[in-house]
Amino acid sequence: MAIDLLANLNEQQRAAVTAGEGPTLVLAGPGSGKTRVLTNRIAFLVSDIGIPAHHIMAVPFTNKAAAEMRARVENILGGRLDGLQIGTFHAICARLLRIEAEHTPYGRDYTIYDSDDQVKLVENLLKSQNIDTKKYKPYGVLNAISGAKNELIEPDDYRSRDYFGEVVSRIYPLYQKRLQDSNAMDFDDLLMQTVLLFRRNAEVREKYQKRYEHVLVDEFQDTNQAQYQLVRLLGEPQENVFVVGDEDQGIYAFRGADYRNVNQFRRDYPAARVIILAQNYRSTNTIVQAARAVIDKNKHRQPKELFSERGQGAPVTIHEAYNEDEEGEYIVRTIKDLAKRKSYHYRDFAVIYRTNAQSRSLEDACVRIGVPYKLVGGVGFYKRREIRDLLAYMRVVNNPNDSASFTRIVNVPGRGIGEKSVQAFDQWVQTRRMSNAEGLEALANGEASPISGRAAKSFADFALMVRELRELVPNGNDLLQLFDEIMSRTEYGLYIREMSDTVDQAQERLENVQALRGLIQSKKDLSLDNFLEETALSGETDELDLEKDAVTLLTMHSAKGLEFSVVFITGCEDGLIPHSRSFSEPDEMAEERRLFYVGVTRAKDQLYLTHTFKRSLYGESSLSEPSRFLSDIPGDLTDGASLKVKDMTNRAGYKSATTWERQTKSASPKVISFEQARQTATPLKYKAGMRVMHPKLGEGMVIDSRRSGQDEEVQVHFKQYGTKLMLANYANLLILDK
């Protein structure tokens, strides 16, 4: 055995790396070295067991993790990676479906629609069915379709339970047909179509079962039903399935992931070997024990005796600010101070929050104090207008049936082709039972169409351009030449100057285009369809430059898989973390606890948990309650709060349980307790059931009332005008009776 494969591994890690054949479940706590276990396991299979590399499939969670895993394995094995399959579920399925296209309803050059394409398509379908898109949001309908696909429910098998479900059942088949007509798939199709292919074609299924003798899967708790079934199908009949997961870090239920797949694995593979990785190499023992105290409150999980040998470390700082602006000020000034005193780089800091809306005060503080930052979750590179335009051109060249990309760029830059002309083209090809590609080819050949006037020539010129661009890449090569030709023929550089509001905006867009060209140049060995596939599968965190010396601002969901020396979790308040929608749903509350656990365990050296006395969010200002999760952390692990943060009768030891009444500049701030503040708050004037009179709307009845900053928000039902929401200070409501 190569000595370096087991060197410096603990007992549990060695057991995982050298596990024999058959199913293995590795329950890996945060920072427990699971990536090292996976890479050494692959190397062990190749170098010690003698499994050819091309008989191994490894499935990490992100493209970035896949690249890191490949580099590590290559380093260990000295480059012996012939045929080793490492990639995300989506990436592996995307390539497999191209190879096996003849056995699917799609062509090899299919397009992958991104979320914007999908939402737009659903919106158009809703309108075509005369369904109100304000009442039935396109994103909500798409989310329901996505959920069905994750559960492997095909359009004809979808069953509705209510009127919303009826809408989904009408749109889902139309949506799927439009995708197939465009030779396009969405992200969920990549998984579902592969499962359907394996289920329906024994020859194809057995081909891949024989090819991949060993299947290794990371982040197993984040798999959905389609991914789980893929693992089961690929693992048959030898069942050499090696999965690494942690149900305590399952945080993607909104994407269809089901952390219970970890327990399902145990039921489906009763003979599976279970190995627990409990030693945390990332964080101090204080951080590990704080995280453990929080997650231990969740039920239906495998208990883990998590520990760290990095030393006790600094206590967890719990800090309370008056509002979100003071919170941002405190965080950024603390970062600046720590960077000076402890020789940290700004890239060693992360500020994590529950919702993107919370970033505003943090960004303002960074600008004001002069601390560089990078925001995860802003407009990603591939979402920018100019990048989407140019990639749409490349997608149409690759697949002229891609109706979403075709619609996007047929009049970009402007050619005088309006919406009516596009509709006339669509009706023409449908009447003649042609595909988009056939229709464009007919126009390029000079055939007459119902399109009239200047638009007819512009449409023909566009079709001819697409044909000539396709001739540049007969084998899918020469990507750079294709890109330069698109830029030249469309005069897109000039168009950028025309569409930009300022010189600076134009310059930024031109720089983005140059960055895209540089990317294409670096990918010159890829075929066109593989390049487009790679860009379509790119995620936000794949684009994150962790080497840039700037503080990282990101949501808890985006923080998964990352680590930083110092972490601030902001907005630790009931209603944010845990989110208000989880209060009545035990499963959602358990996920909120897992989410907080993931945030806490991103920290290596120091952890700060901040909350405010009052917070303005989504246009409302209200008093805040410290998160119930804070009270789960033992007091001897914290600095800034007692054990009973949530217990209002035992707050004397809580140093931060104070608020400040704003005084004149010359006066000293008066310090009062939170409990005093709430007791002295003005009582609500309006109560449910009261009859009131509005000067214009007439008589009504109060349905609900709640505090909104210094005002009172009243919901009133009026006989003639229905239910209205109004602020008491401006509504001039007269109470008729109490």
Side-chain angles (χ1 to χ4, degrees), residues 317-337 349-371 373 375 551 553-556 567-580 596 599 607-631 639-641 645-646 648 651 654-682 684 706-713 727-729:
T317 299
I318 299 180
H319 177 84
E320 188 239 12
Y322 176 71
N323 59 20
E324 67 275 6
D325 292 324
E326 288 191 6
E327 182 184 48
E329 181 97 2
Y330 164 77
I331 290 171
V332 177
R333 290 202 180 280
T334 302
I335 288 172
K336 194 166 188 176
D337 179 59
F349 296 89
V351 186
I352 301 174
Y353 36 81
R354 180 63 179 85
T355 67
N356 278 309
Q358 291 170 253
S359 73
R360 192 274 309 163
S361 59
L362 296 163
E363 292 183 72
D364 288 351
C366 284
V367 172
R368 187 169 60 252
I369 297 169
V371 169
Y373 71 94
L375 183 67
V551 176
L553 310 181
L554 72 174
T555 65
M556 286 180 166
V567 167
F568 293 78
I569 300 181
T570 178
C572 296
E573 298 145 28
D574 274 4
L576 277 176
I577 181 69
H579 199 280
S580 56
F596 186 66
L607 174 66
Y608 291 77
L609 307 175
T610 68
H611 62 99
T612 64
F613 172 64
K614 62 179 292 187
R615 182 178 297 276
S616 295
L617 200 63
Y618 308 121
E620 291 188 5
S621 179
S622 57
L623 300 181
S624 305
E625 290 277 1
S627 170
R628 63 195 67 189
F629 298 156
L630 297 181
S631 63
D639 174 27
V645 176
K646 286 294 293 175
M648 291 301 181
R651 300 182 69 96
Y654 180 23
K655 295 189 294 186
S656 295
T658 55
T659 187
W660 300 265
E661 287 186 339
R662 299 298 185 183
Q663 308 288 334
T664 60
K665 290 185 178 180
S666 59
S668 303
K670 178 183 176 183
V671 182
I672 61 175
S673 71
F674 277 135
E675 186 63 13
Q676 287 175 305
R678 290 188 171 90
Q679 287 175 353
T680 58
T682 305
L684 294 174
R706 62 175 177 169
R707 191 162 307 287
S708 179
Q710 302 302 313
D711 205 342
E712 185 175 346
E713 190 177 74
L727 292 175
N729 287 347

So, taking the atom named [atom1] in [X] and the one named [atom2] in [Y], what distance separates them when rounded to the nearest 0.5 Å?
X	Y	atom1	atom2	answer
S624	E320	OG	CD	9.0 Å
I331	E329	CD1	CD	11.0 Å
L609	S627	CG	OG	9.0 Å
E324	D364	CD	CG	10.0 Å

Begin with the C-alpha distance, continue with both residues' side-chain angles, and end with the deciding distance and a verdict on side chain to side chain donor-acceptor pair (under 3.5 Å) for T612 and E573.
CA-CA 8 Å; T612 64; E573 298 145 28; 3.1 Å; yes
Establish, from distance only, whether the side-chain atoms of E327 and S361 form a donor-acceptor pair under 3.5 Å.
no
Is there a salt bridge (charged side-chain N to carboxylate O under 4.0 Å, His left out) between R360 and D325 once you walk through the steps?
CA-CA 9 Å; R360 192 274 309 163; D325 292 324; 3.0 Å; yes
So do the side chains of [X] and [Y] get within less than 4.5 Å of each other, counting heavy atoms only?
X	Y	result
T555	R354	no
E363	Y373	yes
R628	P578	yes
F613	N323	no
T317	L607	no
L576	Q358	yes
T570	I352	no
Y353	L553	yes

Can you name the nearest heavy-atom pair linking H611 to C572, along with the distance?
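Shortest heavy-atom contact: CB-O, 3.3 Å.
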Treating K614 as the side-chain partner and Y322 as the backbone partner, does any N or O pair qualify as donor plus acceptor under 3.5 Å?
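Judged by distance alone, no pair lies under 3.5 Å.
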Distance flag, aromatic centroids of Y330 and H319, threshold under 6.0 Å:
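Yes, ring centres under 6.0 Å apart.
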Check each of Y608, F629, F596 against I569 using the side-chain contact (heavy atoms from CB on, under 4.5 Å) test, and report the only one that passes.
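The option that passes is F596.
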